[in-house]
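Only one structure is covered here, and it is reproduced in the block below.
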Amino acid sequence: MTGNDSPPEDRPSEEAPDRSFAVDVEEVLEDDPDGEPSQGLFDDLLSGEPIFENKEVLRPSYTPHELPHRSDQINKMATILVAALRGETPSNILIYGKTGTGKTASAKFVSQELEQTSKKYEVPCEVEYINCEVTDTQYRVLAQLANKFIEQNEAHVERRLSDLADLREAVEEGSTALEATPFESTTGIDSRIETLEDELEEMEPVPMTGWPTDRVYKEFFDAVDYRERVVVIMLDEIDKLVEKSGDDTLYNLSRMNSELDNSRVSIMGISNDLKFTDFLDPRVKSSLGEEEIVFPPYDANQLRDILQHRADIAFEERALTDDVIPLCAAFAAQEHGDARRALDLLRTAGELAERSQSEHVDESHVRKAQDKIELDRVVEVVRTLPTQSKLVLFSIILLEKNGVHNINTGEVFNIYKRLCEEIDADVLTQRRVTDLISELDMLGIVNAIVVSKGRYGRTKEISLSVPTEETEAVLLADSRLSEIEEIQPFVQARFDN
DNA sequence: CATCCACCGGAATGTAGGGCCT
DNA sequence: AGGCCCTACATTCCGGTGGATG
């Protein structure tokens, strides 16, 4: 399709959606004491045809109102959770699925609906979301939950206090409209206010550290049980929690119901790992997995629907050429059907198109976006590598740059040693360095395979699988590594043997 | 066909740092 | 404050090995 090079038809696309903003920019520029010309830095960029209409929609944080191809899962969740609206305890739910399969989005969507409906019918029902990758110990989970409920209870009490204050005022004025009030006089109200204030006094947030865990648990327990309601606790990335701090938390949460007087608790676990229940206590396993919902990866067609859906909102009309979305979908489908990845790709492609001032997003932008995302990933990984790993990687790069292929561990280790001496770092043993190389392999930064060279031993053959120049630049940005000045000697040393 | 290189990689053990708890 | 325990990172020790080479 080469109809893209559209003739200069409606060149003056001056209908910038946010006129006021444009004016502001001009004003600022005019007020500049230096007397800069008003044809400023941003003018060019603003004048281009806008590509995005609403970019937020493409961000991972956005929770869509419609989730194509997930109605089965959503319905099942809803069927289970209606119980909450009838004041019963919903079954615990376990949700499985790989990253970017819409688990969190669906769960959040359902919980929003649930809370809204509960307000409509005035059934007390709440959902609390916890991301266990961030909050990854029993203590922190309990503390966070406790604090959320304490906060809510406080708000609840405060509301009742202000209601009472109003009532008191009304009674004092002898308003006749209040015959139905249960209080004869202000003193009755006063004592009620007093007890509530005392209760408010007691509600102190749990400190982030310091208390014994069971005290936090008690605090949380009391806060939940403070009044009648159904509470759904949503534990995202629950596998991380189990991995890092065992199943005690889940055990405690799942047996809570038998001790609660006023409220009911239901757990909704979201996991990336299908097999994580293997590590659980059988009791926990059976109680948690009362209902299981699986989110299979999206296939390319489904991804296309999802992208189309969002693209309609996110982009200006006709900003995308026809092949953009299928291509994004195809790329992402290769990465185990990760919708997040697909959206990321689409957004990045759009940004690239915007930056290059083209009027449409086309296939080339998608391909560039693919590269950019991969490069960003690598840069981020390399940047956050520990110093020792950086040194190892740098050694590999030095060898590679010198045209050495099929690098082996011995060579890397030699160069690595010299680098360490140069910047005065601890020299690790070769055993450790092989592990570091294996880690780099895992991260996809290098490629290492064990080969036997017969008489000449057995070693890893290592090759770089990321762009040399960029990676080197990232490494040299590290304050320790930047001390390395003369690179030649290291390279030279290799040929001396 | 045995040899033997040059490293692999498992296991045990050591050490530092940090959070938790009394 | 001080003991305890967990985790991450390292070292030490060492048995293991694929296959070119003599």
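Letters go in sequence order (proteins before strands), and every chain restarts at 1.
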For atom CG of A:N414 and atom C1' of B:dC7, their distance in whole Å: 13 Å
Salt-bridge present (A:K417, A:E421; N to O < 4.0 Å): no
Is A:V427 touching bases, backbone alone, or none of the nucleic acid, heavy atoms closer than 4.0 Å? sugar-phosphate
Nearest-Å distance, CD1 (A:I437) to P (B:dG9)? 11 Å
A:I462 CD1 - B:dC7 P separation (whole Å): 10 Å
With a 4.0 Å cut-off on N to O distance, would you call A:D344 and A:R347 a salt bridge? yes
Do the rings of A:H156 and A:Y226 sit parallel, tilted or perpendicular, given the 30° and 60° boundaries? perpendicular
d(CG, A:D435; P, B:dC8) in whole Å: 10 Å
Can you tell me the distance, in whole Å, between the CG atom of A:L436 and the C1' atom of C:dC9? 9 Å
From the candidates B:dG9, B:dA6, C:dT11, the one with an atom nearest any side-chain atom of A:L428 is C:dT11
Under a 4.0 Å N-O cut-off, is there an ion pair linking A:D376 with A:K372? yes
Of the listed nucleotides B:dC7, C:dA10, B:dG9, the one nearest the side chain of A:K460: B:dG9
Between B:dG10, C:dA10, B:dC5, spot the one nearest the side chain of A:Q388, thanks. C:dA10
Between P of C:dA8 and CD of A:E439, the distance in whole Å: 11 Å
Taking only the side-chain nitrogens and oxygens of A:S452, find out if one of them lies under 4.0 Å from OP1 or OP2 of B:dA6. no
Given B:dC4, C:dA10, C:dC13, which nucleotide is nearest the side-chain atoms of A:R431? C:dC13
What integer distance in Å separates A:R432:CZ from B:dG10:C1'? 15 Å
Are any of A:T434's side-chain N or O atoms less than 4.0 Å away from OP1 or OP2 of B:dG9? no
When you match A:R458 and A:K453 each to their closest nucleotide on DNA chain C, which lands nearer the 5' end? A:R458
Output the rounded distance in Å from CG (A:N406) to C1' (B:dC7). 16 Å
Closest approach to the side chain of A:R455, judged atom by atom: which nucleotide of B:dC4, C:dG18, B:dG9 is it? B:dC4
Side-chain ion pair, A:R383 and A:E380, N-O less than 4.0 Å: yes
Between A:G454 and A:T409, name the one whose nearest nucleotide on DNA chain B is closer to the 5' end. A:G454
